[in-house]
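Beneath this line is the structure, given in structure tokens, with notes to follow.
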Amino acid sequence: MNHKSTSAALLLGALLFAGGAFADCPGPFVRDMKRAYENAKAAEGQGKKEDALFFYHGAGGSVCEKSNPYEADAAKRAAPLGLELGAAAEKRGDFAKAVQLYEAGGHFATADRVFMQTIRPKADEPGAYKSASEHFNNRREAWFAENNAAALEATGAYTPDPKLIAEVNAMPAKGIEHAYQKEAANFNEDFLREYVQMTQARPDDPSDANAIQRMIGARQAFLQKWKRDDFMKTSRDALQTLRTWSVAVRDKKLADTVTARVAQISEQRATTLRQKYSGAPQLLRDAMDYYHLPTSDNSTAEPKVTAVRAQALKLGDEANAKNRYELAGSYYDVAGADAKAEAVRERGRQVAMQKMRPSIDQMRQQADAMRKQFSDPAKVAEMRKQAEALRKSMQEQQAGAKAGNRKAAGDLEKELGL
């Protein structure tokens, strides 16, 4: 009796312990794996190979119970499907899909090879390096082999390819060098000189049609030569990429070097624009952007930006004194002097209106004369009479021409004996 009571107590305790353990486990459970496995077999029987592959893949892995009885067979069935479907996706150039399919089938070395196909076109981007680095770091973790034990049993031993890892490790140095080259190529001082010349040649008199036409022609020639006008933006984008590289790389020495170099180049670019190319207000705005670029701390950049605004304000006053109203307004915009910008543009509009006044008055006089002419009943009646006489005359001419054509045709028939 005591023995039976003890056994019953132990059994009850074990059941309670198991129930408590499962209650704390969010899943999945064996029943979930069974459902996935059965769905996979049904899909495979219906010829839905991709669905079957992912169901088989889902039927693997750990469960809240002690073991997963479906894991090994699911991995064996997934392996040939993953290889077949992955190869097809790779052949049609859908590399991202191919990686998914190879992974689901447990073909990790093949998945790595194709994964690099998705990385290489973006190898200069820090985000691509980060993705590739995390990918191979995860492959080398102990948990990766543990979590994929059944798949590796089905497809064979796996070790990340050292050549691919070396390729990933080389990405930062190459990407950083390419970004330096891109930035240097786009800070083009020939372009800047011609941009300033074009800006300074812009006419301030909107009534001067010839000058406006010359400006349009010069702008078209400029764009035809340079093909684009975003050189400064591309330069700053390259510096921003370098900043991102300085965060992405693991080599702290390299990261610090890149950070310092970005700050140095940004300072140089801003100084060059302020000293040599301030004749274009937009380039002063670009200088401010260069000052902001190396740091997220506005307190560092703001004194330099304030100096640029003061420079723009001074140049605006000088342009205003020369009656270059539109140019002055653009400088005042950069300086943040909104009231001055509006005032100088209004003055420019008034001057333009005064220049155009004679033409406007002449057009108004012509309009008034036409209104008077058409408001006089006698003149309107006379104009109608003249129009009617002209219409009748044209009709008579057309009738005479037709009669002449008929007579000529008759004479020709007689002459030919028809």
Side-chain angles (χ1 to χ4, degrees), residues 121-130 172 174-202 215-216 218-248 258-298 300-309 311-312 315-316 326-327 329-336 338 341:
K122 305 176 290 184
D124 287 346
E125 300 175 12
Y129 164 72
K130 184 178 180 181
K174 292 180 179 178
I176 288 169
E177 180 59 30
H178 289 165
Y180 282 136
Q181 293 173 357
K182 185 176 182 179
E183 190 286 324
N186 279 275
F187 196 86
N188 187 320
E189 295 202 45
D190 290 334
F191 167 84
L192 293 172
R193 274 188 290 273
E194 293 190 21
Y195 185 82
V196 170
Q197 292 170 2
M198 185 178 65
T199 301
Q200 288 291 322
R202 184 174 59 190
M215 177 195 72
I216 294 172
R219 174 69 175 170
Q220 290 174 341
F222 178 84
L223 289 176
Q224 186 175 4
K225 176 180 179 179
W226 294 103
K227 308 303 180 186
R228 58 192 179 91
D229 59 0
D230 63 345
F231 286 87
M232 295 299 95
K233 181 181 181 302
T234 306
S235 163
R236 291 195 302 276
D237 286 347
L239 291 173
Q240 187 58 57
T241 298
L242 287 166
R243 278 196 70 192
T244 308
W245 272 118
S246 72
V247 176
V258 172
T259 299
R261 185 76 177 119
V262 168
Q264 180 186 25
I265 293 174
S266 299
E267 181 80 21
Q268 289 173 346
R269 300 315 190 207
T271 300
T272 298
L273 293 176
R274 291 185 60 191
Q275 292 180 351
K276 297 174 64 176
Y277 304 106
S278 61
Q282 176 57 46
L283 297 183
L284 289 181
R285 195 182 296 277
D286 289 325
M288 292 193 291
D289 290 338
Y290 276 109
Y291 280 135
H292 277 298
L293 192 148
T295 177
S296 54
D297 182 5
N298 286 334
T300 302
E302 198 53 39
K304 300 172 184 178
V305 170
T306 299
V308 178
R309 290 197 183 103
Q311 182 181 3
L315 291 170
E326 190 59 37
L327 182 63
S330 296
Y331 277 122
Y332 289 144
D333 287 339
V334 176
D338 296 339

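If you're wondering where the values come from, they're calculated on a predicted model, not measured in any experiment. Throughout, numbering of the chain's residues begins at 1 and tracks the sequence.
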As an exercise, state the distance from OH of Y332 to CG of L315, rounded to the nearest 0.5 Å. 10.0 Å

Just so I know, are the side chains of I176 and L242 near enough to count as touching, which here means a heavy-atom distance under 4.5 Å? yes

Hey, are the side chains of T241 and Y180 touching, using non-hydrogen atoms and a 4.5 Å cut-off? no

Determine, stepwise, if the pair E177 / K174 fulfils side-chain contact (heavy atoms from CB on, under 4.5 Å). CA-CA 5 Å; E177 180 59 30; K174 292 180 179 178; 5.8 Å; no

I need the Y277 OH to Y195 OH distance, nearest 0.5 Å. 14.0 Å

Value for CG (D333) from CG (D338), rounded to nearest 0.5 Å, stands at 7.0 Å

Between W226 and F191, what is the ring plane arrangement, given parallel below 30°, perpendicular above 60°, and tilted in between? perpendicular

In the structure I gave you, are the side-chain heavy atoms of L273 and F187 within less than 4.5 Å of one another anywhere? yes

Please identify each residue that fulfils salt bridge (charged side-chain N to carboxylate O under 4.0 Å, His left out) with K233, with sequence neighbours left out. D237

Is there a side-chain contact between N298 and V305 in this structure, where contact means two heavy atoms from C-beta onward sitting under 4.5 Å apart? no

The reported gap from CZ in R236 to CG in L293 (rounded to nearest 0.5 angstrom) is 8.0 Å

Smallest heavy-atom separation, K182 atom then T234 atom, equals CE-CG2, 3.7 Å

R219 and L223: CA distance, side-chain angles, deciding distance, side-chain contact (heavy atoms from CB on, under 4.5 Å) verdict: CA-CA 6 Å; R219 174 69 175 170; L223 289 176; 3.8 Å; yes

Between S246 and V258, what is the shortest heavy-atom contact and its length? CB-CG1, 4.0 Å

Can you pull out every salt bridge (charged side-chain N to carboxylate O under 4.0 Å, His left out) where at least one residue sits in residues 183-197? Sequence neighbours excluded, please. E183-R269, E189-K276, D190-R193, E194-K225

Just by distance, no angles: are the side chains of Q224 and Q220 close enough, under 3.5 Å, to form a donor-acceptor pair? no

Quick one: pull up CZ in R243 and OG in S296 and give me the separation to the nearest 0.5 Å. 6.0 Å

Of all heavy-atom pairs linking R309 and V334, the shortest is CG-O, 3.9 Å

Heavy-atom pair with the smallest gap, counting every atom of S235 and N186: N-CB, 4.0 Å

What are the two closest heavy atoms between Y331 and A280, and how far apart are they? OH-N, 3.9 Å

Got a second to check how far F222's CZ is from T199's OG1, nearest 0.5 Å? 8.0 Å

Which heavy atom of M232 sits nearest a heavy atom of Y290, and at what distance? O-OH, 3.6 Å

